[in-house]
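On a predicted model such as this, the values are computed, not experimentally measured, just so you know.
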Amino acid sequence: MEAIAIDSNKTCFQRGIRDGMPIALGYFAVSFTLGLAAKNAGFSALQAMIESLTNNASAGEYAVFSLAAAGASYWEVAIMTLVTNARYLLMSCSLSQKLAPDTPLLHRMLVAYDITDEVFGVSIAVPGRLNPWYTYGAMSMAIPGWGFGTFLGVAVGSILPLRLVSALSVGLYGMFLAIIVPPARDNRVVLGAVLLSFAASFVSSRWALLAGISSGVKTIILTVVIALGAAVLFPIKDEEASPS
């Protein structure tokens, strides 16, 4: 029985590595531009890489580098980072429901360490229950890609034109489409929720009344409202939600 469990974990880990490779490439491009911001804030390449490995979030890191460059206090940096990355709390809660009820706390904590938009996207799309080793595989690609990209952004970022570096990040949008298109194509409710999310996100970014709210908080509000509406109007029966 132990051999079967080990093989299953190994297979899930390898599948996570495969799905995490394009994430790592996208992260490398995005974190490269963050390296430029870190350099302007006075960070060394090693310091910037450590910051990326411990705060794997583009908006959160940019806030850190911007506040550090402005001479903000540690408390200001901590609070701003928490607010900017607040959406990951919601993602963690959602992904925890996909894990088996008897999943040990250690595995839950390790999975929560790197709940980024993309890692969450591929993990939540796994059919049935989520084996933590799948997420570990994706994380093993995503985290080094993010950290190494930031390191090089500080070390040699000034060599490449800024427009070229920024253009590389377009790959992330293609990756997002690859995550949401298959389920949206097979389920009209998901398709409607995705389209409504796009529209609501655009409106919230232009609405003056919401100008003072961070993007992370906006994401949480929109996610809760749209997901709640979909759950009330189109509930999933228990037998459909349970993995086969």
Side-chain angles (χ1 to χ4, degrees), residues 1-2 4-28 30-31 34 49-61 64 78 81-150 172 175-176 178-180 182-183 190 197 215-217 219-220 222-224 227 231 236 241-244:
M1 295 296 292
E2 292 184 0
I4 294 177
I6 292 175
D7 291 339
S8 177
N9 290 340
K10 180 179 179 181
T11 300
C12 291
F13 186 78
Q14 291 174 339
R15 190 177 298 118
I17 289 177
R18 180 199 64 192
D19 294 345
M21 285 183 178
I23 297 178
L25 294 176
Y27 280 3
F28 180 85
V30 174
S31 61
L34 284 172
M49 182 178 69
I50 294 175
E51 205 281 338
S52 280
L53 294 177
T54 54
N55 181 19
N56 196 347
S58 57
E61 281 192 62
V64 169
T81 303
L82 178 63
V83 172
T84 305
N85 295 338
R87 68 185 185 279
Y88 297 129
L89 299 175
L90 189 62
M91 293 182 189
S92 296
C93 292
S94 175
L95 196 60
S96 69
Q97 304 304 306
K98 196 169 180 63
L99 297 170
D102 59 349
T103 301
L105 177 62
L106 178 60
H107 281 299
R108 294 179 181 272
M109 294 177 65
L110 291 175
V111 169
Y113 171 70
D114 197 46
I115 296 299
T116 63
D117 299 324
E118 294 75 22
V119 173
F120 169 81
V122 296
S123 297
I124 203 71
V126 173
R129 292 293 185 183
L130 173 66
N131 187 324
W133 286 94
Y134 171 85
T135 304
Y136 297 158
M139 290 166 57
S140 68
M141 296 286 100
I143 295 176
W146 192 268
F148 190 56
T150 308
L172 276 179
M175 183 168 54
F176 267 126
I179 293 173
I180 64 175
V190 175
S197 299
S215 60
V217 175
T219 301
I220 288 182
L222 292 177
T223 302
V224 170
I236 299 177
S242 302
S244 57

- Message: Once rounded to the nearest 0.5 Å, what's the spacing between atom CG of N56 and atom CE of M139?
- Response: 9.0 Å
- Task: Report yes or no: does S31 contribute a side-chain atom to a donor-acceptor pair with the main-chain N or O of W146 at less than 3.5 Å?
- Result: yes
- Distance col, row N55:CG vs T81:OG1, nearest 0.5 angstrom, shows 5.5 Å
- Query: CD1/I143 to OH/Y113 distance, rounded to the nearest 0.5 angstrom?
  - Reply: 5.0 Å
- Gap between atom CG of L110 and atom OG1 of T103 - 0.5 Å precision: 12.0 Å
- Nearest heavy atoms of I17 and M141, plus distance in Å: O-CG, 3.6 Å
- Message: Would you call the rings of W133 and F13 parallel, tilted or perpendicular, taking 30° and 60° as the class edges?
- Response: perpendicular
- Message: Does any part of the side chain of H107, heavy atoms only, come nearer than 4.5 Å to the side chain of L99, both counted from C-beta?
- Response: no
- Query: Got a second to check how far T135's OG1 is from I115's CD1, nearest 0.5 Å?
  - Reply: 6.0 Å
- Where do L95 and L130 come nearest, in terms of heavy atoms and distance? CD1-CD2, 3.8 Å
- Would you mind reporting whether S123 and K98 have side-chain heavy atoms less than 4.5 Å apart? no
- Polar contact flag, side-chain donor to acceptor under 3.5 angstrom, D19-Y134: yes
- Query: Could you give the distance from OG (S94) to CD1 (I124), rounded to the nearest 0.5 Å?
  - Reply: 4.0 Å
- Message: Restricting to non-hydrogen atoms, name the atom on Y136 and the atom on V111 that form the minimum distance, rounded to 0.1 Å.
- Response: CE2-CG2, 3.8 Å
- Task: Please say whether more than 12 non-hydrogen atoms of neighbouring residues, nucleotides or ligands are located less than 6.0 Å from CZ in F148.
- Result: no
- Message: Test side-chain contact (heavy atoms from CB on, under 4.5 Å) on S96 and R108; report intermediate values, then the result.
- Response: CA-CA 7 Å; S96 69; R108 294 179 181 272; 3.9 Å; yes
- Task: Report yes if the side chains of E51 and T150 come closer than 4.5 Å at any heavy-atom pair, otherwise no.
- Result: no
